[in-house]
Amino acid sequence: MSFPLLTATAAVPALGAVATAAVPAERRAAAKWLALAVSLVTLVLAAVQLVRFDPDAKGPFQLTESHAWIAAFGVRYDLGVDGISVVLIGLTALLIPFIVLAGWHDADPLETHSSRWRPTQGFFALILMVEAMVVIAFEATDVFLFYIFFEAMLIPMYFLIGGFGDRAGERGEAESATQRSYAAVKFLLYNLVGGLIMLAAVIGLYAVTADQLGSGTFSLTEIVQARAAGKLDFATTTERALFLGFFFAFAVKAPLWPLHTWLPNAMGEATAPVAVLITAVVDKVGTFAMLRFCLQLFPEASKWATPVILVLSLISILYGALLAVGQRDIKRLIAYASISHFGFIVLGVFAMTTQGQSGATLYMVNHGISTAALMLVAGFLISRRGSRLIADYGGVQKVAPVLAGTFLIGGLATLSLPGLAPFVSEFLVLVGTFSRYPVAGAVATVGIVLAALYVLVLYQRTMTGPVAEPVREMPDLRARELAVVAPLIALLLFLGVYPKPVTQLLDPAVAHTMSQVHQSDPQPSVHVNDAHVNDVEAAK
């Protein structure tokens with residue numbers, strides 16, 4: 001029996017979470033180092049997945065594991081990875097060590113307010129538990145198994161937002177606790193409602209397979225193969241209803257307008273590392289699931305819903321960018337910018353072109369890295385000043401040039417500057433969209449202009465100009481903080497000029513998804529000059 005690599009990649013952080021939570025209360029440093037070590041072991045296992053994955057192999061999934069679980073209901077423990085999921089697992093495993101390092105002191109007890117002590121062990125255990133659940137969600141090829149972890153990850157995220165919120169600001173503890181609780185409950189309710197609607201669709205999917213195949217199944221592979229063989233045929237109304245149930249849950253998680261309103265509250269009240277965990281890791285499960293489940297299970301319904309989804313994507317792009325321009329809070333600005341970026345991702349997915357979907361999948365990776373870089377540096381900045389308000393800063397680049405420089409690179413990556421990683425993915429999304437939906441592609445380009453506006457205005461107001469008195473003694477980035485930021489900046493530069501190591505893994509999975517939806521790229525129009533035709537005919 002071969003080594004269960006996929007199970008191990010999820011089991012290591014899960015067991016590490018239990019071990020971290022069990023560390024004695026007075027051994028806070030040991031809990032931190034244990035969590036970091038576990039995250040690094042998980043990163044090694046994710047790297048082994050990438051090494052063992054063959055992008056040229058036939059078949060949709062590799063490194064598969066399959067075991068009976070709840071046989072009476074057709075539920076199996078089925079795992080497998082394609083190019084998209086193996087890259088997103090790598091992204092998750094890569095970011096968690098940086099999140100742990102960046103949050104090194106975020107859950108330490110406050111010396112002056114011992115009653116506000118927050119358990120360090122619990123903070124890092126919850127981060128590892130989220131990692132385990134996200135990894136297995138990326139690996140699951142059984143719909144019911146995916147659903148369980150899609151929903152279960154809400155529980156540790158709820159406690160990370162509500163129990164370990166941001167300390168910055170001049171609000172009292174009571175007001176801060178109220179705002180954290182509100183953000184956590186809003187996050188939970190939105191995602192629970194989406195999950196319950198999806199559960200109804202999952203049950204409906206099982207009922208249809210049981211009726212037509214003789215026995216119900218949740219296996220993605222079996223359902224897709226049965227449809228291809230003509231053994232399973234959804235009625236049009238049924239397929240559309242099931243698609244909407246799945247898509248609604250994924251649109252909440254993504255988040256897509258108008259189901260986005262939980263994100264600014266959650267990111268604003270969470271610590272910077274937890275905010276990165278939300279938008280760079282957890283939210284990617286939503287856009288990933290659109291590709292894996294919505295398009296492959298319900299291809300005809302996906303094409304039916306495409307015009308409306310494209311409109312929602314464009315609204316997300318412009319709405320998120322416009323609200324980012326008007327923000328006074330640094331973290332909420334980054335949150336609204338993420339809403340705009342997720343609009344680009346969904347736009348690329350439903351453009352139904354190879355370039356659009358390749359750009360969307362690459363955008364998931366690049367957005368995770370760029371948002372992590374910008375938000376973590378913003379977190380270091382906020383922890384020094386004790387305020388999230390843009391107006392409380394000024395002239396930081398004169399007293400902390402390294403901090404300002406890394407903040408600028410993270411911001412330029414967010415606006416997709418050529419030479420940095422997000423540019424390649426955003427360009428592919430726009431080209432892929434324009435080739436099939438030129439009006440949508442043209443409207444989406446406005447988001448690029450607005451991104452330049454909110455990023456550059458943010459940098460100007462916080463980093464340039466006269467030095468504000470409260471930041472006059474602000475220290476520059478320390479060694480631990482540089483260890484967090486420097487690798488992310490290096491990745492943004494590397495993937496900005498050489499994205500091939502990622503795209504060669506993603507492209508075969510994108511081609512498979514396109515074939516499942518029965519879509520091909522539109523052919524370019526050929527315009528022939530009438531005078532030239534006449535000259536040719538005369539010559540004949």
Side-chain angles (χ1 to χ4, degrees), residues 13 17 20-21 35 92 95-96 98-100 102-108 110 116-134 137 149-169 171-195 249 252-255 259-286 329-339 342 368 371-372 375-376 378-379 382-383 388:
T20 302
T92 301
L95 291 179
I96 296 299
F98 298 127
I99 289 172
V100 170
W104 203 251
H105 299 298
D106 284 358
D108 288 347
L110 298 173
R116 292 168 61 187
W117 185 83
R118 301 181 296 176
T120 304
Q121 291 83 346
F123 178 75
F124 292 103
L126 289 170
I127 290 175
L128 292 177
M129 189 57 69
V130 171
E131 178 181 23
M133 293 177 177
V134 169
F149 289 96
F150 179 81
E151 288 292 276
M153 67 181 70
L154 301 179
I155 299 171
M157 285 306 309
Y158 169 81
F159 288 109
L160 283 170
I161 298 168
F164 300 91
D166 196 353
R167 299 173 179 176
R171 300 176 303 182
E173 174 60 18
E175 183 181 353
S176 295
T178 300
Q179 292 298 320
R180 291 197 302 269
S181 177
Y182 172 78
V185 170
K186 189 173 184 179
F187 161 81
L188 187 63
L189 288 178
Y190 267 68
N191 284 274
L192 277 179
V193 170
V252 172
K253 185 85 79 180
L259 307 171
H260 68 284
T261 59
W262 62 267
L263 183 66
N265 296 101
M267 290 184 65
E269 296 303 323
T271 63
V274 173
V276 171
L277 189 64
I278 295 169
T279 190
V281 176
V282 172
D283 287 354
K284 297 298 185 298
V285 178
D329 183 310
I330 297 174
K331 292 170 71 176
R332 289 179 69 90
L333 185 152
I334 298 173
Y336 280 110
S338 289
I339 291 170
F342 275 105
T371 299
M375 178 59 85
L376 293 179
I382 292 168
S383 66
R388 295 166 9 199

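As the structure is a computational prediction, the values presented were derived from the model and not from experiment.
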How long is the span from the CG atom in Leu277 to the CE atom in Met267, to the nearest 0.5 Å?
11.0 Å
Spacing of Ile334 atom CD1 and Asp329 atom CG [to the nearest 0.5 Å]
9.0 Å
To the nearest 0.5 angstrom, please state how far the CZ atom of Phe164 sits from the OG1 atom of Thr271.
9.5 Å
Sub-4.5 Å side-chain heavy-atom contact between Lys253 and Leu154
yes
Go through the steps to decide whether Phe342 and Lys284 satisfy the test side-chain contact (heavy atoms from CB on, under 4.5 Å), and finish with yes or no.
CA-CA 9 Å; Phe342 275 105; Lys284 297 298 185 298; 3.8 Å; yes
Donor-acceptor check, side chain of Trp262 to backbone of Val252, threshold 3.5 angstrom: yes or no?
yes
Can you tell me how far CZ of Phe187 sits from CG of Asn265, rounded to the nearest 0.5 angstrom?
12.5 Å
Evaluate the side-chain proximity of Val185 to Tyr158: yes if any heavy-atom separation is below 4.5 Å, no if none is.
yes
With side-chain contact (heavy atoms from CB on, under 4.5 Å) as the test, would you mind laying out the steps for Met153 and Val285 before giving the verdict?
CA-CA 11 Å; Met153 67 181 70; Val285 178; 4.2 Å; yes
To the nearest 0.5 angstrom, please state how far the CE atom of Met129 sits from the CG atom of Leu160.
11.0 Å
Can you tell me how far CD1 of Ile382 sits from CD1 of Ile330, rounded to the nearest 0.5 angstrom?
4.5 Å
Side chains of Asp106 and Ser383: does their closest heavy-atom pair fall under 4.5 Å?
no
On a heavy-atom basis, the closest approach of Ala249 and Gly195 is CB-N, 4.3 Å
Correct closest heavy-atom pair for Pro255 and Ile339 would be CG-CG1, 4.4 Å
Could you go step by step and tell me if Ile278 and Ile161 meet the side-chain contact (heavy atoms from CB on, under 4.5 Å) rule?
CA-CA 9 Å; Ile278 295 169; Ile161 298 168; 3.9 Å; yes
Can you give me the closest heavy-atom contact between Thr371 and Val276, atom names plus distance?
O-CG2, 4.4 Å
For the backbone of Ala275 and the side chain of Lys331, can you confirm whether one donor and one acceptor N or O come within less than 3.5 Å of each other?
no
Looking only at non-hydrogen atoms, find the nearest pair between Glu131 and Pro13 and report the distance.
OE1-CB, 3.6 Å
Go through it in stages, so that I can follow the logic: the residues are Met157 and Leu126, the test is side-chain contact (heavy atoms from CB on, under 4.5 Å), and I'd like the CA-CA distance, side-chain angles, deciding distance and then a yes or no.
CA-CA 8 Å; Met157 285 306 309; Leu126 289 170; over 6 Å; no
For the residue pair Pro264 and Ala335, what are the closest heavy atoms and their distance?
CA-CB, 3.8 Å
For Phe124 and Thr20, work out which heavy atoms get closest and say how close.
CB-CG2, 4.1 Å
